[in-house]
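Data first, discussion second: the structure below is written as structure tokens.
In each ligand, atom 1 is the first atom listed, and ligand 1 is the first ligand listed.
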Amino acid sequence: MCGIVGYLGRQEAAPLVLEGLTRLEHRGYDSAGVAVLGRGGLKVAKQAGRVRDLTDVLPKRFTGTVGIGHTRWATHGPATDANAHPHADESGTVAVVHNGILDNAAGLRAELADAGVTLASDTDTEVLAHLVARSDADTLEGKVRDALARVVGTYGLAVVHADFPDRIVVARNGSPLIIGVGDKEMFVASDLAAIVRHTTTVAMLDDGELATVTASGFTTMRHTDLSATGKSASQVDVDASAYDAGDHESFMHKEMLEQPQTARAVLRGRLDDRFGTAHLGGLDMDARAMRAVRRVKILGCGSAYYVGQMGAALIEELARIPADAEAASEFRYRDPVIEPDTLYVAVSQSGETIDTLLAVQEIRRKGGRCVGLVNVVGSAIARECDGGIYLHAGPEVAVASTKALTNMFLGFALLALQLGRVRDLSIADGKRLIAGLERLPEQIAEILAGEADLVEVAHSLAEAESLFFIGRVRGYPAAREGAQKFKEISYRHAEAYPTSELKHGPLALISPDVPTVALVPADELTERNVAALHEISARSGPLVVVTHEGVDLGEVRARRIVVPKNEPELDPILLTIPLQLLAYHAAQHLGHDIDKPRNLAKSVTVE
Ligand code: F6R
């Protein structure tokens, strides 16, 4: 989605801003722009297309040591040059970049047009530039405050003004805004990835905060009355190399291969073998509060929702508490009943997904307890929740989630273990699970080490226009996740079905041109699963079967992918890893830009 970068210091701003924007490219965008303040006043360059296209056409004299830039994901109006940010007022004095959506933009646009203002774009953001320009406050902070008092909606924004050439004013409401402190230079950004090569000393604005940033520092204040909030910067513990693909051909590849280490990171210090339980201090729930939970409701979007389904199965199995997962994007719109003895769990890599965030807010507004399974520390969802489990997967850059998803599963396993152990899960079963969790990183490494063997299978799947992913009970969410990964990066139609549902409809589609990827773990349903494979085979449907050693497929003709066996409750994540590799190699075979799949964004910050 949209990205913001800003710079003030002694260097030329435009190259640094543009370089920062390229670091946000993975988030998805369709146009880019930059504004600089220098001797020649305010200059703006923007156009539809890639950052490198903009770099190529930048005028020679595009100079200045203060600059803001933006990558836009079209919401109000198509991806055109005029709709790209920054947006300026009519006199070219003010420039604004904005992430988020202004809900009352239509009314404000009409009001400005009635007042004789010529609007140059179709966007909501443009109104901010005009409102700032029309304010008669005598400071830039006052002008921005006046503009914000008129708008309803979400924003992370940065404003420059030719009459105040020493500063950038930034503000936040629902969309992240970070200030980075360098050596006699300052940065602003919507995502740490844009500035981490320059500084890891940062301050994150809270909703309702505005800040003045000059080359020598920053001050934060409430944007309603400009009273000081006194925020200071602190060091973030992040390795800049996490934002570099290194020798890998893509971030997705790097992140898939990191999974053994990142899986260890989420488990570290949280397993208690002596008592066969997990310790999750961040949940802020004692045994009594855990015992009082009568139901668990998990909310997430996309892959986070599917892993939420895996989590619900784990919680039901281990803790015997009714649990289910729902798409956060639907939940809020059905006026949900919020129950006091239900534990709500929001799951999100970015911690920014607006649908999940709004679901959390709805739960809390109605007095429910909501904990988070979140990867990005200090993100909006993490802050909105009553407590939670950080996933420690490190920055995930590729749009397709892999390592964060695996850690979500492990986070659920830890939660299920702790909820189970304050109830009827025996210490022996707790220890069995712990031993299984401890084996998992090595087993994930084993599957990844077999990557080369999967390439050819992936290429054959890539040839199909349409394919099925099937699984039962624990395997069904893994099939959903497999289909999701496959479709989002290969652009092939991949549909997930419970294996048991095949003969209730989709079997009609099985043919030599429609392959099926079937998940058949060695468990209580193996026989039933194999029976379904016979039905597919009998209709000449090509089969790829992800299974365990020793599973007898009888006469079924299939390509087998064998994954290591762990405890049955932990099967779903081991079944998922080869599906990541299949999707990856299919997309690579088709020549797609794997880290930036078409039409998709890393963090979906608009509804
Ligand atoms: C799929 C994928 C998306 C995200 C979804 C939620 O690979 O990455 O489906 O899972 O957009 O994002 P987060 O987890 O950031 O809330």
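Taking 4.0 Å as the cut-off, Ile381 does not count as a neighbour of ligand 1 on heavy-atom distance.
A donor-acceptor pair shorter than 3.5 Å can be found between the side chains of Thr406 and Gln259. With hydrogens and angles left out, the side-chain atoms of Glu481 and Gln309 include no donor and acceptor closer than 3.5 Å. Counting only N and O atoms by type, the side chains of Tyr584 and Ser250 include a donor and acceptor under 3.5 Å apart. His589 and Glu456 share no donor-acceptor pair across their side chains, judged by distance under 3.5 Å alone. Side-chain N/O atoms of Glu255 and Thr402 include no donor and acceptor closer than 3.5 Å. When only modelled atom types and interatomic distance are considered, His392 and Asn375 share no side-chain donor-acceptor pair under 3.5 Å. Side-chain polar atoms of Gln349 and Ser401 form no donor-acceptor pair below 3.5 angstrom.
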Audit row: Arg474, Glu569, salt bridge (charged side-chain N to carboxylate O under 4.0 Å, His left out) steps and yes/no
CA-CA 8 Å; Arg474 296 185 200 105; Glu569 297 90 337; 5.7 Å; no
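The environment of Glu330 atom CD is sparse: at most 12 non-hydrogen atoms of other residues, nucleotides or ligands sit within 6.0 angstrom. Within 6.0 Å of CZ in Arg295 there are 12 or fewer heavy atoms belonging to other residues, nucleotides or ligands.
Any N or O atom pair closer than 3.5 Å counts here, and Thr356 shares no such pair with ligand 1. Note: an N/O pair closer than 3.5 Å links Val399 and ligand 1 by distance alone.
The nearest non-hydrogen atom to atom 9 (O) of ligand 1, considering only Lys485, Gln484, Glu396, comes from Gln484.
For atom 5 (C) of ligand 1, the closest heavy atom belonging to the protein is Cys301 O, 3.3 Å. Considering only non-hydrogen protein atoms, atom 15 (O) of ligand 1 sits nearest to Ser350 OG, 2.6 Å. For atom 11 (O) of ligand 1, the closest non-hydrogen atom of the protein is Val604 CG2, 4.2 Å. Atom 7 (O) of ligand 1 has as its closest protein heavy atom Glu488 OE2, 2.4 Å. Nearest protein heavy-atom neighbour of atom 12 (O) of ligand 1: Thr353 OG1, 3.4 Å. Atom 14 (O) of ligand 1 has as its closest protein heavy atom Gln349 N, 2.7 Å.
Short contacts between ligand 1 and Ala400, defined as distances under 4.0 Å to a heavy atom of the residue, involve ligand atoms 7 (O). Of all the atoms in ligand 1, the ones that sit under 4.0 Å from a non-hydrogen atom of Gly302 are 9 (O). Here is the list of ligand 1 atoms found below 4.0 Å of a heavy atom in Ala304: 10 (O), 14 (O). Residue contact check: Ser401 has heavy atoms under 4.0 Å from atoms 7 (O), 8 (O) of ligand 1.
Contact annotation for Glu352 and ligand 1: no heavy atom of the residue comes within less than 4.0 Å of the ligand.
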